[in-house]
There are 2 protein chains.
Amino acid sequence: MNTPILAPGGLPIAAVERDTGLAKDTLRVWERRYGFPLPVRDSNGERVYSPEQVDKLRLIRRLIDQGMRPAKLIGLDPQALGQLLEELGSPRADDDPERTAHFQAILKFVRLHLHEELRRALQQLLMKMGLQQFITGIVAPLNHIVGDAWLRGDLEVVEEHLYTEQVQNILRTAISTQTSTTRERPMVMLTTFPDEQHALGLLMVEAMIAPEGACCVSLGIQTPVEDIRAAATAGRFDIVAVSFSSAYPARLAVDGLRSLRATLPAGIALWAGGAGLRGTERKLPGVKIFQSLEEIPHALAEWRHSAKAALQP
Amino acid sequence: MNTPILAPGGLPIAAVERDTGLAKDTLRVWERRYGFPLPVRDSNGERVYSPEQVDKLRLIRRLIDQGMRPAKLIGLDPQALGQLLEELGSPRADDDPERTAHFQAILKFVRLHLHEELRRALQQLLMKMGLQQFITGIVAPLNHIVGDAWLRGDLEVVEEHLYTEQVQNILRTAISTQTSTTRERPMVMLTTFPDEQHALGLLMVEAMIAPEGACCVSLGIQTPVEDIRAAATAGRFDIVAVSFSSAYPARLAVDGLRSLRATLPAGIALWAGGAGLRGTERKLPGVKIFQSLEEIPHALAEWRHSAKAALQP
DNA sequence: GTTCATGGTTTGTCCTGGACAAAATGTTGA
DNA sequence: TCAACATTTTGTCCAGGACAAACCATGAAC
């Protein structure tokens, strides 16, 4: 049982699946077809992956999420993969030098584990910019930066956790001050499918919706599709919004959204967004796919407009 | 790929894995060994599970989480399984009628999905009782009640989620108003081991510590043991506190705590608590095991006392 | 020049049935 | 009562074959 400690850094296939998001079957079939990754075997003949292999797999995973194909990536060395990622990673030529400075400062606090300073810096920016601007201008790009850095092994697990936790605190507090007593339409239900681990995307959406005065109910992560349907119908919600992190397999997302759309009453809109949905718009008729958080206020306004039109024809 | 829609209500194996948390391999091996679930096959020979099978699988899963064994469960019909779940929910006789009334009211709001009323009721109680009393007197017992009800199938997933989310909001907001700028000793690091899904226990601990003026840093859930050690050492923490929900296998908890205690410097205390640790105290020398949240303030005072004594001998 | 159908290729997921170690349970002796 | 050992249960892993959906390139039609 202690073998993961005895074999320093070597990971069994289940851990690799967890860490990279690549299914066990996929890992085995890659080995068979491409010859990578070729893990060593323990005394029982089971695969043991080296940290280097896992790192490379993470890079490949990330690039596949961006639309590249495995065959073209698997032969490359980690350095080349890293370069590809940098090129793809939104041309992070940030024109706003002030914002870049903010990012640098915050990243420094994260790296040095200065939680108090981190909290204060975020809080200050929130106060200055307002919730929605703070989300789209700071939190969303920072999530990207932190996520990238973590993938590249440039940030420790602990540091990523620290960042996530502090942002969550700030956002939850900010949202709960907004939400005082709005019962306005539309009523939005917010959640994720099972297996989704990341609550931050959900919170960002909630933070974008709350200031618009809509009634937004978050169920947190991991609600089974059938339960989403039942609750949305019973609660007379107008919109069901589902969020997908980049780690979520697009296939599962599309599957779940299709089946949800099919069983959800036509009167309830289905919204979905997040990095896990890149390039799936065409496959999901009847589902509104968001490319970015900034579209949310406009979409809400649009919903209200057509709701009003429907009332007075 | 559209089969899940064409076969109404029939789910492919990946969807069942998603909905029940049972691995595909486990589903196949149960079929082979016990003859349940025996899904029909689609035109391609792939398994298609009925909703009834999935429901029964969910019940079995819950009972297994409670410590029962598959062989004894799989032959039973859903009704018997439900009854077993009811029996497991421990009878909790509460002597305080006022508190019981609060619980009843809150449970009613949860059942009716009245999120706004739920939030307000909790907020009100928090204001009246103060954070620590609110945790030990309301939140902790309510968690138990809600957890039991969910286990028995007496509460929907959605309702449990709603409750959890609202409590989290309340607690996070309350904590962040307490934490303004305390840098007082002891410095406590708070987290869980990987595979732990529940953040609420962590938050309750944080809420018990914050009003004592200690510096409490939560890393959220799922931090690998090695990273906990590294971060605690580098950050010069005084105490590392780890929380375990009832679903966490006690054996894993004991193992992890032992290995953490062995690698952590002797000067850093290791605290652990939560339902997942029932009856393990003796096996863990050097680890302070908490039976209840109410012990926390006293333990903090004790730590401060002995720290002072160490300075002035 | 853009859209649409076509056919070939790539790729992820599913299958069977065997194997084994960790966990749980039962048994024995101090 | 507890510890050590034997046995059963149970989840996860493995190999290697199969197949359909997703992707890509080519050419035809508007």
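The structure displayed is predicted, hence computed values, not measured ones. Residue numbering restarts at 1 for every chain, and letters A, B, ... go by the order of the sequence lines.
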Closer than 4.0 Å, any side-chain N/O of [X] to the OP1 or OP2 of [N]?
X: Arg69(A); N: dG12(C); answer: no
X: Arg47(B); N: dC15(C); answer: yes
X: Thr26(A); N: dT13(C); answer: yes
X: Tyr34(A); N: dT11(C); answer: yes
X: Arg32(B); N: dT12(D); answer: no
X: Lys24(A); N: dC13(D); answer: yes
X: Asn44(B); N: dA20(D); answer: yes
X: Arg28(B); N: dC15(C); answer: yes

Geometric class of the Phe244(B)/Phe193(B) ring pair [parallel <30°, tilted 30-60°, perpendicular >60°]: perpendicular

| Does the pair Lys24(A)/Glu17(B) count as a salt bridge with the N-to-O cut at 4.0 Å? | no

*asked:* A quick test of your reading: do over 12 heavy atoms of other residues, nucleotides or ligands sit less than 6.0 Å from CD of Glu160(B)?
replied: yes

message: Counting the atoms with a prime plus P, OP1 and OP2 as sugar-phosphate, which does Asp25(B) contact under 4.0 Å by heavy atoms, base, sugar-phosphate, or nothing?
response: base

| Just checking Arg33(A): base, sugar-phosphate only, or nothing, at a heavy-atom cut-off of under 4.0 Å? | base

Between the CD atom in Gln53(B) and the OG1 atom in Thr20(B), the distance rounded to the nearest 0.5 Å is 11.5 Å

Of the candidates dC14(D), dG11(D), dG12(C), the side chain of Glu46(A) sits closest to dC14(D)

Winner on side-chain proximity to Ala71(A), out of dC14(D), dT13(C), dT10(C), is dT10(C)

Take the protein atom [atom1] of [X] and the nucleotide atom [atom2] of [N], then report the distance between them rounded to whole Å.
X: Tyr49(A); N: dC13(D); atom1: OH; atom2: P; value: 10 Å
X: Asp42(A); N: dC13(D); atom1: CG; atom2: P; value: 11 Å
X: Leu22(B); N: dT10(D); atom1: CG; atom2: P; value: 13 Å
X: Ile64(A); N: dT10(C); atom1: CD1; atom2: P; value: 15 Å
X: Leu63(A); N: dT11(C); atom1: CG; atom2: P; value: 14 Å
X: Ile74(B); N: dT9(D); atom1: CD1; atom2: P; value: 13 Å
X: Ile13(B); N: dT12(D); atom1: CD1; atom2: P; value: 13 Å
X: Leu11(A); N: dC13(D); atom1: CG; atom2: P; value: 12 Å

When Glu31(A) and Lys72(A) are each assigned the nearest nucleotide of DNA chain D, the 5'-most assignment goes to Glu31(A)

ask   = Between Lys288(A) (side chain) and Ala241(A) (backbone), is there a donor-acceptor pair under 3.5 Å?
value = no

What one should report as the nearest heavy-atom pair of Thr191(A) and Leu202(A) is O-CD1, 3.4 Å

